[in-house]
Q: 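This is the structure I want to talk about, given as structure tokens.
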Amino acid sequence: MTHQTVPFFPPKPSRTHEVCGAGALVFALALATRLGGPVLWVREGWKPDLLHPVGLLDFIDPADLLICNTKDQIDVLATAEEALRSGAAPLVVMEIGKPFGLTEGRRLQLAAKEGKATGLAVIPDGMGSNAAETRWKCTPVFDPVDSTLQRWELIKNKSGTLGVWDVRWDATSRRVIMVPPAGK
Amino acid sequence: MFDGMPRRVVSLWFPRLASDRALRLRPVDGPFALTFKHSNANRLYCLNREAEQSGLHRGMSYADARAFCPGLHSRPATPDGDRRFLHILRRWATRYCPWVGLEGDDGLVLNITGSAHLLGGEDALMADLRDRLTRAGFTVQAGLADTRGAAWALARHGEGVAPIGEALTALAKLPVAALRLDDDTSVALQRLGIRSIGDLAAARRAPLARRFGPGLLMRLDQALGAQPEDISPLPDPPHYGVRMTLPEPIGLLADVMEGTRRLLDQLCGKMKTHEVGARQLCVTLRRLDQDHQQVELRLARPLRDPHRILPLFERGLAEVEAGFGIDQLRLEATQVDPLPVQQISHAAHRDKDQLDDLVSRLGTRIGLENIHRFLPADSHIPERSFIIAPAAYSDPERGWSRPRPRPLCLFPPEPIAGTGPQPPARFRWRRMSLTTGRAAGPERIAPEWWLEDDNWRSGLRDYWRVETTQGRRLWLFFTPQAPGWFVQGEFA
């Protein structure tokens with residue numbers, strides 16, 4: 001049986017993308033697994049939610065992960081911009097709490113283009129910036145047999161169509177597999 | 001043939017260096033001793049004059065000493081500190097001459113050839129030396145002679161000055177032990193009737209050499225100047241600082257960067273010869289109005305590549321107020337780590353270098369201690385199964401293990417309503433009402449009683465992996481010893 005891969009995943013390289021929803025973490029980690037190499041994770045230091053390295057083992061090696069704790073969102077954006085521009089890490093994930101403007105979004109795009117790195121902003125629902133290349137909404141879905149089922153919606157795409165896919169994470173091959181939606 | 005200036009050597013002996021140092025820090029009246037634990041017994045290590053007068057001696061057991069002298073004050077000895085202090089004294093002694101070496105654990109040797117007249121002659125020099133050391137609270141015995149051996153003998157055995165070329169006259173009356181001989185040799189010499197150095201010098205050499213080997217005559221010749229002996233001064237620790245004074249003040253960022261680049265080239269050359277790399281650098285800019293501005297840079301890894309360090313300074317230097325202009329730049333490596341020269345291999349180290357540079361650069365913005373990585377830890381408590389370590393001061397470790405499924409993210413436990421040991425069928429969490437669709441568990445984790453942890457006061461925890469029909473997959477736990485339900489993490 002052949003598994004189909006998700007269209008538009010991984011999203012366009014050298015761009016900044018956005019992801020929201022309860023399953024955003026899985027999307028970020030799946031992307032990190034796909035791109036390989038070190039991952040820079042920029043977050044605000046005061047937030048209580050912390051990645052649990054032992055739980056990440058299905059996705060990436062925690063040794064490849066660098067966490068930057070910053071004091072506010074301005075620093076998150078500045079740090080991410082600098083990291084993207086240097087291109088030392090193929091993926092820079094930033095946790096965003098407040099909406100940010102077109103200027104910041106555009107600067108991130110330019111930095112990603114210069115450093116040939118992919119940026120991913122984990123945003124709260126409905127707080128995207130217009131400069132993002134794509135925006136994804138990921139929600140975990142209950143399934144009686146599979147405990148990794150998720151619904152990924154592409155809700156914004158600057159260069160292509162939108163779509164909805166049901167996916168699951170295959171831990172052995174370490175990749176995202178598309179499953180036909182239930183009831184079809 | 002020109003003989004040059006006659007060699008003159010001062011030997012200093014501090015018979016009570018350790019206790020003098022301890023008393024300088026905290027003076028005590030009456031008998032005082034330092035004790036040192038050696039092969040499971042406390043023994044006297046060093047003692048002051050009052051303690052010696054009341055009949056105590058070095059190497060005596062501390063219990064005996066207390067019995068002899070009930071009023072004895074004591075402190076533990078720190079031989080490392082004494083050794084360091086002797087190095088400080090050595091450095092101080094370079095005020096008399098540049099050529100100062102250590103003599104054992106409790107002495108110094110100064111080659112004052114040609115420098116005595118700067119302090120008004122040998123007598124004045126000796127008086128000054130003795131004055132300053134006594135004022136600082138040290139017992140000192142000094143000897144001055146033509147050779148290191150003779151000066152040593154005079155310092156240890158009754159102090160004195162041997163005039164130029166008259167070492168034998170000055171030493172003639174001293175016991176043979178003053179020639180730095182071991183105990184066996186000096187006792188054997190005394191049995192032969194040779195008690196003083198004068199007797200030894202008068203005795204025939206061939207039988208002595210046959211009986212005692214060449215060592216004895218070598219020591220005698222060294223003391224009398226027939227055989228040379230060196231004094232090796234210690235090297236000063238390298239100083240990693242360079243500066244540049246400008247004839248005209250500068251103020252443009254590009255100019256300051258260029259100045260820093262030239263200084264960096266010099267400094268990195270120096271660091272390369274010593275095989276070290278800078279961990280922390282500091283540029284001090286002196287302005288025309290005598291104000292100083294400092295720019296500090298902390299690096300994620302020891303570095304000595306000028307072209308890699310320079311861009312990291314850009315951010316700090318851009319914030320400097322130049323005022324009327326800067327006329328002096330000073331660059332110092334305030335912290336250095338060993339960085340041996342390495343073979344450049346064809347394998348790509350470039351990515352690693354790039355990442356280190358990025359960490360350094362981000363460190364200048366958000367602080368190097370705010371960039372972390374995870375290291376594995378040996379604990380079954382979820383919060384303690386990893387360590388958060390600063391990325392700049394740790395190396396990535398592989399070898400993570402996961403005996404059971406663990407959530408992707410952890411947060412401090414958030415209480416939910418629920419009773420009984422089975423997961424609640426419905427609950428509210430973060431203003432969402434959730435319905436349990438499937439639950440796997442329990443996995444019981446007991447607290448680590450050997451560590452104090454307030455979060456685990458509630459005792460055992462039964463962890464459940466709960467998949468809600470709304471989609472969220474949560475990590476819940478129940479505390480049977482203080483019934484309650486909590487959410488602590490979220491799965492993929």
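When reading the values below, keep in mind they use all heavy atoms of this one structure, side chains included, and skip hydrogens, waters and symmetry mates. Bear in mind that the values here come from a model prediction, so they are computed numbers and not experimental data. Chain naming here is simple, since letters A, B, ... match the order of the sequence lines and numbering starts at 1 in each.
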Q: Please determine, among A:Gly87, A:Gly23, A:Ala83, the option with the most heavy-atom pairs under 4.5 Å with chain B.
A: A:Ala83
Q: Could you tell me which non-hydrogen atom of A:His52 sits nearest to which non-hydrogen atom of B:Ser385, and how far apart they are?
A: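 Closest pair (atom of A:His52, atom of B:Ser385, distance): CE1-OG, 3.4 Å.
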Q: Decide, yes or no, whether a salt bridge links B:Arg402 with A:Asp61 under the criterion of side-chain N to carboxylate O below 4.0 Å.
A: no
Q: Side chains of B:Phe374 and A:Ile67: closer than 4.5 Å at any heavy-atom pair?
A: yes
Q: Atom CZ of residue position A:Arg107 - does it have more than 12 heavy atoms of other residues, nucleotides or ligands inside 6.0 Å?
A: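 Counting neighbours around CZ of A:Arg107, 12 or fewer heavy atoms of other residues, nucleotides or ligands fall under 6.0 Å, so no.
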Q: Any non-hydrogen side-chain atom of A:Pro53 less than 4.5 Å from a side-chain atom of B:Trp400?
A: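 Heavy-atom side-chain distance check passes, below 4.5 Å.
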Q: Does any heavy atom of chain A fall under 4.5 Å from the side chain of B:Leu375, the backbone, both, or neither of them?
A: neither
Q: Against chain B, work out which of A:Thr70, A:Leu29, A:Thr148 has the most heavy-atom pairs shorter than 4.5 Å and name it.
A: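 When all of A:Thr70, A:Leu29, A:Thr148 are compared, A:Thr148 has the most.
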Q: Going from CD on B:Gln470 to OG1 on A:Thr139, what distance comes out if it is rounded to the nearest 0.5 angstrom?
A: 12.5 Å
Q: Any sub-3.5 Å donor-acceptor pair from B:Arg473's side-chain atoms to A:Ser147's backbone N or O?
A: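 Side chain of B:Arg473 to backbone of A:Ser147: a pair is present.
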Q: Start with the C-alpha distance between B:Arg361 and A:Ser86, add both sets of side-chain angles, then the distance that settles side chain to side chain contact (heavy atoms under 4.5 Å, CB included), and finish with yes or no.
A: CA-CA 10 Å; B:Arg361 195 142 8 103; A:Ser86 87; 4.1 Å; yes
Q: Report yes if the side chains of B:Arg373 and A:Leu65 come closer than 4.5 Å at any heavy-atom pair, otherwise no.
A: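 In short, these two side chains do not touch, never coming nearer than 4.5 Å.
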Q: Out of A:Leu149, A:Leu56, A:Asp143, return the one with the most heavy atom pairs under 4.5 angstrom to chain B.
A: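 Heavy-atom pairs under 4.5 Å are most numerous for A:Leu149.
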Q: Checking an interface table here. Which of residues 34-47 of chain A come within a heavy-atom distance under 4.5 Å of chain B?
A: A:Pro38, A:Leu40
Q: Tell me if the CG atom of A:Asn130 is crowded by more than 12 foreign heavy atoms within 6.0 Å.
A: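 No, not enclosed.
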Q: Are there more than 12 heavy atoms of other residues, nucleotides or ligands under 6.0 Å from atom NZ of A:Lys113?
A: no
Q: Contact part of A:Val54 toward chain B, heavy-atom cut-off under 4.5 Å: side chain, backbone, both or neither?
A: both
Q: Any side-chain heavy atom of A:Pro140 sitting closer than 4.5 Å to one from B:Glu467?
A: no
Q: Please indicate whether B:Arg426 has more than 12 foreign heavy atoms, meaning atoms of other residues, nucleotides or ligands, lying under 6.0 Å from its CZ.
A: no
Q: How many angstroms lie between CZ in A:Phe142 and OG1 in B:Thr435, if you round to the nearest 0.5 Å?
A: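 That separation rounds to 10.0 Å.
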Q: Evaluate the side-chain proximity of A:Cys68 to B:Leu362: yes if any heavy-atom separation is below 4.5 Å, no if none is.
A: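 Yes, at least one pair of side-chain atoms sits under 4.5 Å.
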Q: Among B:Pro407, B:Gly489, B:Ala391, B:Gly399, who wins on heavy-atom pairs under 4.5 Å with chain A?
A: B:Pro407
Q: Taking side chain as C-beta onward, heavy atoms only, is A:Val26 less than 4.5 Å from B:Leu408?
A: yes
Q: For B:Arg398, does the CZ atom have more than 12 heavy-atom neighbours from other residues, nucleotides or ligands under 6.0 Å away?
A: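 Enclosed.
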Q: Return the NE2 to CG distance between B:His372 and A:Asn69, rounded to the nearest 0.5 Å.
A: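 It is 5.5 Å, given to the nearest 0.5 Å.
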Q: Check A:Asp58 with B:Arg406, please: is the shortest side-chain N to carboxylate O separation under 4.0 Å?
A: no
Q: Quick check for you: to the nearest 0.5 Å, what is the distance between A:Leu66 atom CG and B:Leu358 atom CG?
A: 8.5 Å
Q: At what distance, to the nearest 0.5 angstrom, does SG of B:Cys409 lie from CG of A:Leu50?
A: 8.5 Å
Q: More than 12 heavy atoms of other residues, nucleotides or ligands under 6.0 Å from NZ of A:Lys158: is that the case?
A: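 Yes, enclosed.
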Q: Does a side-chain heavy-atom distance below 4.5 Å link A:Pro144 with B:Arg438?
A: no
Q: Kindly compute the distance separating CG (A:Asp75) from CD1 (B:Ile366), expressed to the nearest 0.5 Å.
A: 7.0 Å
